[in-house]
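What follows is a set of notes on a single structure, which appears directly below.
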Amino acid sequence: MTEQLAAMSAEVEELNSRIERAVARGQLMQSTAKNIRSLLAGAPTDLYFKSVKQLADSGEWSELNDRFYQTLAFGTGGLRGRTIGKIVTTTERGNAGEDERPQFPCVGTNAMNFFNINRATRGLVAYLHDWNRREKISAKPRLVIAHDPRFFSKEFAELAAKVAAENGCDACVFEGPRSVPELSFTVRYLKASAGIVITASHNPPYDNGYKVYFSDGAQVIEPHASGIIAKVKAITSESFRPVSKDQQGKVTTIGKDIDQAYMRRLETLILDPLMIRKAKSLRVIYTPLHGTGSVIIKSMLTRLGFNFQVVPEQDRFDGRFPTVRSPNPENAEALTMAINLAQKEDADLVVATDPDCDRMGAAVRAKGGKMKLLTGNQTGSLLAWYRIKTLFDKGVLNKQNASRAVVIKTFVTTDLQKAIANFYGLRCVETLTGFKYIGEKLGKYERAIPEQLRQNYAHLTEQQTRRLRLAHSSFYVFGGEESYGYSGADFVRDKDGNGAVIVFCEVAAYAKSRGQTVDELLDEIFAKFGYFAEKTNSLVFEGAEGANKIARLIESYSASPFSEVLGSRVIGMKNFETDMVEDVEGDLVPKEKMLIFEVEDPAGAGRIAVRPSGTEPKIKYYLFAQRRPDNGKFDSAELTRIKAQIGEKLDRLWDWLQQDAEERLR
């Protein structure tokens, strides 16, 4: 045994020397070397050492930099990173075949693995204990934990529950894959202290993530985010001593009872159930893209009486997402199988949800008979318009109380939703990207209700909370992001793909009841409120070098902003990192690396927004153009001409922005 330890010590020393030489030669970053040493010092097994050694032996310095140049930090609500490396070591591969999931997740401080799940959970639980002491709450903290069907998601969820319990926190763990919105609902329904979802949403199969929700059911924001991060940063090793048995938490399995409670609440999203029951001719194709949407949506569509079919090949959990290049309903390719089935079955509508079911994409049968993809902005605008109009038709909203109703959208979401809200007299609030900011607003509106009236708020009926909000606070009608995330009520504090599917099916049923296709209904909205078009694109830069390029670009736009774009003057710039920005309710918008440029356009209005993604290695560009009718509304010929003009203009603008970015990086 002594000889083995001596040999191991010699190997570690030799590896350290090689790492130092690689740093000296500029092959490894200083931060990489530091993080490698830190991880190996607290390693519970030799798995980490063997993987690092193999990569060093092979001269895979770039892979080591990607895995270790930083420690995963919280982005928009948690952690996200690779759980399978670009290069899989033989140690990580273990007993798995080449075409199978590796036996062990990617080793590294900048990866989603047992090391980071351990640290994140211990940091979160430590913060919850501090919070309970501060708030004089004597009960143990309680976590709700859900996971999607990704690689290692189940194992990560089980580890999070075990670590939480051993650190004195109760854990309620779903029996199988469940969606993000159901987790958000459950945190509030069970009066939990916080929630965790193991998911990387629609990212590629090699990624995974860890999203954190607080007791309000929304993703963590300040001051909780900084408090949790500080606790996590203080933890440098996986080793810890569990609290005594009598102080440990209990792990409980939850499932179908919660599903039923959630579905009962989802049913209240439907505004005209009688119309739906009459819409038997509406034919819907749904695909969960191998994700969690299949748990709730099939049952809900059946319960509501929709005539639907599910894409059979995509109606099974599979972390490989083998039938698509990317399980992202924003991408046309992901809807191919559903659209093909819709063509075969002569269906009117295709709806798809991503693996954690917080986003929904849609395609509709156009007037000409072909299936047509809708953008997130178009879908959100249809939902916002229909819900506002129908609430007026039903007498829930009227001229007297409309000012208490609110639509919430992000700054980078279409202004058509603002135009619709303003027309009906509703408030339109804009937030930073990330539904956590919409969730924060919903929490604010709930707290504005007198305390004695909002006791047990999460268990009041939708009608009861609606009356309270209209009488004392703000009634949330709709919220959305251009990135295919929507919400129609406050019982979920995140975007809800389950809810989005059923309410969009209601919109399609409404169009069908009027003898329209959904795209004809959208054109009717454009003709009345104006034509609003958007183009969203990204430049992808992966790894440590890519992160540096993204940072350089953002800094460049701030230091040397556009003065002119395609011959049009830039007449305004808002830097959300340095400027003091207030929303329409007078609330200060948090600081974020985002810039919005207003562009002079005699024919309408234009703007460009630029921001780094909070969850993926890319910098995102949002391009906006609009044209309002001079008198009354556009006729069909005018609208067709304007669509072509603005589409061509946005294409030219994106070409120009790509060239400009290349020049800025030289």
**OP:** Show your working on side chain to side chain contact (heavy atoms under 4.5 Å, CB included) between Glu616 and Asp207 and close with a plain yes or no.
**Re:** CA-CA 10 Å; Glu616 297 173 275; Asp207 281 351; 6.0 Å; no
**OP:** Dump the intermediate steps for side chain to side chain contact (heavy atoms under 4.5 Å, CB included) on Ile502 and Leu301, then the final yes or no.
**Re:** CA-CA 7 Å; Ile502 63 172; Leu301 291 175; 4.2 Å; yes
**OP:** Report the C-alpha distance between Glu158 and Ile198 in whole Å, list the side-chain angles of each, state the deciding distance to 0.1 Å, and finish with yes or no for side chain to side chain contact (heavy atoms under 4.5 Å, CB included).
**Re:** CA-CA 10 Å; Glu158 289 170 349; Ile198 306 297; over 6 Å; no
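For Arg277, the side-chain contact (heavy atoms from CB on, under 4.5 Å) partners are Pro273, Leu274, not counting sequence neighbours. In this structure, Lys280 has no salt bridge (Lys or Arg N to Asp or Glu O under 4.0 Å) partners at least two apart in sequence or on a different chain. For the side-chain contact (heavy atoms from CB on, under 4.5 Å) test, residues two or more places apart in sequence or in another chain that qualify with Asp348 are Leu282, Arg283, Lys512. Scanning for ring pair (Phe, Tyr, Trp, His ring centres under 6.0 Å) contacts around Tyr531 gives Phe526, with sequence neighbours left out. Not a single ring pair (Phe, Tyr, Trp, His ring centres under 6.0 Å) links Phe317 to another residue, sequence neighbours left out. For Arg493, the side-chain contact (heavy atoms from CB on, under 4.5 Å) partners at least two apart in sequence or on another chain are Ser184, Arg188, Ala218, Leu442, Glu446, Tyr457, Asp490. Qualifying side-chain contact (heavy atoms from CB on, under 4.5 Å) partners for Gln516, counting only residues two or more places apart in sequence or in other chains: Ala511, Arg514, Glu520, Leu521, Glu524.
Two residues are said to be in side-chain contact when any heavy atoms from C-beta on lie closer than 4.5 Å; Ile297 and Val351 fail this criterion. Val507 places none of its side-chain heavy atoms less than 4.5 Å from the side chain of Trp385. With contacts defined as side-chain heavy-atom distances shorter than 4.5 Å, the pair Pro149/Asp318 does not qualify. Taking the side chain as every heavy atom from C-beta outward, Val144 and Phe174 approach each other to under 4.5 Å. Counting only heavy atoms from C-beta outward, the side chains of Met275 and Lys278 never approach each other to under 4.5 Å. In this structure, Leu183 and Tyr213 have side chains that are in contact, with non-hydrogen atoms separated by less than 4.5 Å. A heavy-atom distance below 4.5 Å is not found between the side chains of His290 and Arg320. Within the 4.5 Å cutoff, side-chain heavy atoms of Lys441 are placed close to those of Asp583.
A donor-acceptor contact shorter than 3.5 Å links the side chain of Arg150 to the backbone of Ser201. A donor-acceptor pair is defined here as one N or O able to donate and one able to accept, closer than 3.5 Å; such a pair exists between the side chain of Glu506 and the backbone of Leu271. Side chain of Arg178 to backbone of Val295: no donor-acceptor contact under 3.5 angstrom is found. Counting only distance, with no hydrogens or angles, the side chain of Thr465 and the backbone of Glu462 share a donor-acceptor pair below 3.5 Å. The backbone N or O of Leu190 sits less than 3.5 Å from a side-chain atom of Arg142, completing a donor-acceptor pair. The backbone N or O of Glu333 sits less than 3.5 Å from a side-chain atom of Thr336, completing a donor-acceptor pair. Proximity of a side-chain donor or acceptor of Gln378 to a complementary backbone N or O of Leu522 within less than 3.5 Å is not detected. When atom types are taken as modelled, the side chain of Thr292 and the backbone of Pro177 share no donor-acceptor pair closer than 3.5 angstrom. Side chain of Asp354 to backbone of Asn328: no donor-acceptor contact under 3.5 angstrom is found. Here the side chain of His147 pairs no donor or acceptor atom with the backbone of Val197 at under 3.5 angstrom.
The aromatic rings of Tyr262 and Phe491 stand perpendicular to each other, their planes meeting at an angle above 60°, with 30° marking the opposite boundary.
With no hydrogens or angles considered, no side-chain donor-acceptor pair links Asn498 and Glu182 at under 3.5 Å. Side chain to side chain, Asn208 and Ser153 meet the donor-acceptor criterion of an N or O pair below 3.5 Å. Side-chain contact check for Tyr286 and Thr353: at least one donor-acceptor pair (N or O, by modelled atom type) lies under 3.5 Å. Counted by atom type alone, Glu481 and Thr410 present zero donor-acceptor pairs between their side chains at under 3.5 Å.
One finds the CG atom of Asn331 at 8.0 Å from the OH atom of Tyr484 (value rounded to the nearest 0.5 Å). Rounding to the nearest 0.5 angstrom, the gap separating the CG atom in Asp259 from the OG atom in Ser299 is 8.0 Å. From Lys211, atom NZ reaches atom NZ of Lys436 across 10.5 Å, with rounding to the nearest 0.5 Å. Taking CG from Leu470 and CG from Asn401, the interatomic distance works out to 5.0 Å, rounded to the nearest 0.5 Å. In this structure, OG on Ser513 lies 10.5 Å from CD1 on Ile276, to the nearest 0.5 angstrom. The line from CG of Asn377 to CD of Gln417 is 6.5 Å long, rounded to the nearest 0.5 Å.
Within the cation-pi definition used here (under 6.0 Å to the ring centroid, within 45° of the axis), Arg82 qualifies as a partner of Tyr206. Taking the centre and axis of the six-membered ring of Phe152, the NZ or CZ atom of Arg101 falls inside the cone set by 45° and 6.0 Å.
Across Thr414, Thr375, Thr413, a single residue satisfies side chain to side chain donor-acceptor pair (under 3.5 Å) together with Glu534, and that is Thr414.
Within a 6.0 Å radius of NZ in Lys370, other residues, nucleotides and ligands contribute 12 heavy atoms or fewer. The number of heavy-atom neighbours closer than 6.0 Å to NZ of Lys372, taken from other residues, nucleotides and ligands shown, is above 12. Environment of CD in Glu451: sparse, with no more than 12 heavy atoms of neighbouring residues, nucleotides or ligands closer than 6.0 Å. Heavy atoms from other residues, nucleotides or ligands lying under 6.0 Å from CG of Asn456 number more than 12. Shown here is Lys389, whose NZ atom has more than 12 heavy atoms of other residues, nucleotides or ligands within 6.0 Å.
Sequence neighbours left out, the pairs with a member in residues 288-309 that pass salt bridge (charged side-chain N to carboxylate O under 4.0 Å, His left out) are Glu267-Arg303, Lys298-Asp315. For residues 390-438, every residue pair satisfying the ring pair (Phe, Tyr, Trp, His ring centres under 6.0 Å) rule, not counting sequence neighbours, is listed here: Phe392-Tyr424, Phe411-Phe576, Phe423-Phe529. Residue pairs that meet the ring pair (Phe, Tyr, Trp, His ring centres under 6.0 Å) test with at least one member in residues 319-376, sequence neighbours left out, do not exist here. Applying the ring pair (Phe, Tyr, Trp, His ring centres under 6.0 Å) test to residues at least two apart or on different chains, none of the pairs has a partner in residues 331-363.
Tyr510 has its ring centre less than 6.0 Å from the ring centre of Tyr386.
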May I have the list of side-chain donor-acceptor pairs in residues 306-314 shorter than 3.5 Å, sequence neighbours left out?
unit_1, atom_1, unit_2, atom_2, d
Gln314, OE1, Thr287, OG1, 2.6
Gln314, NE2, Thr323, OG1, 3.0

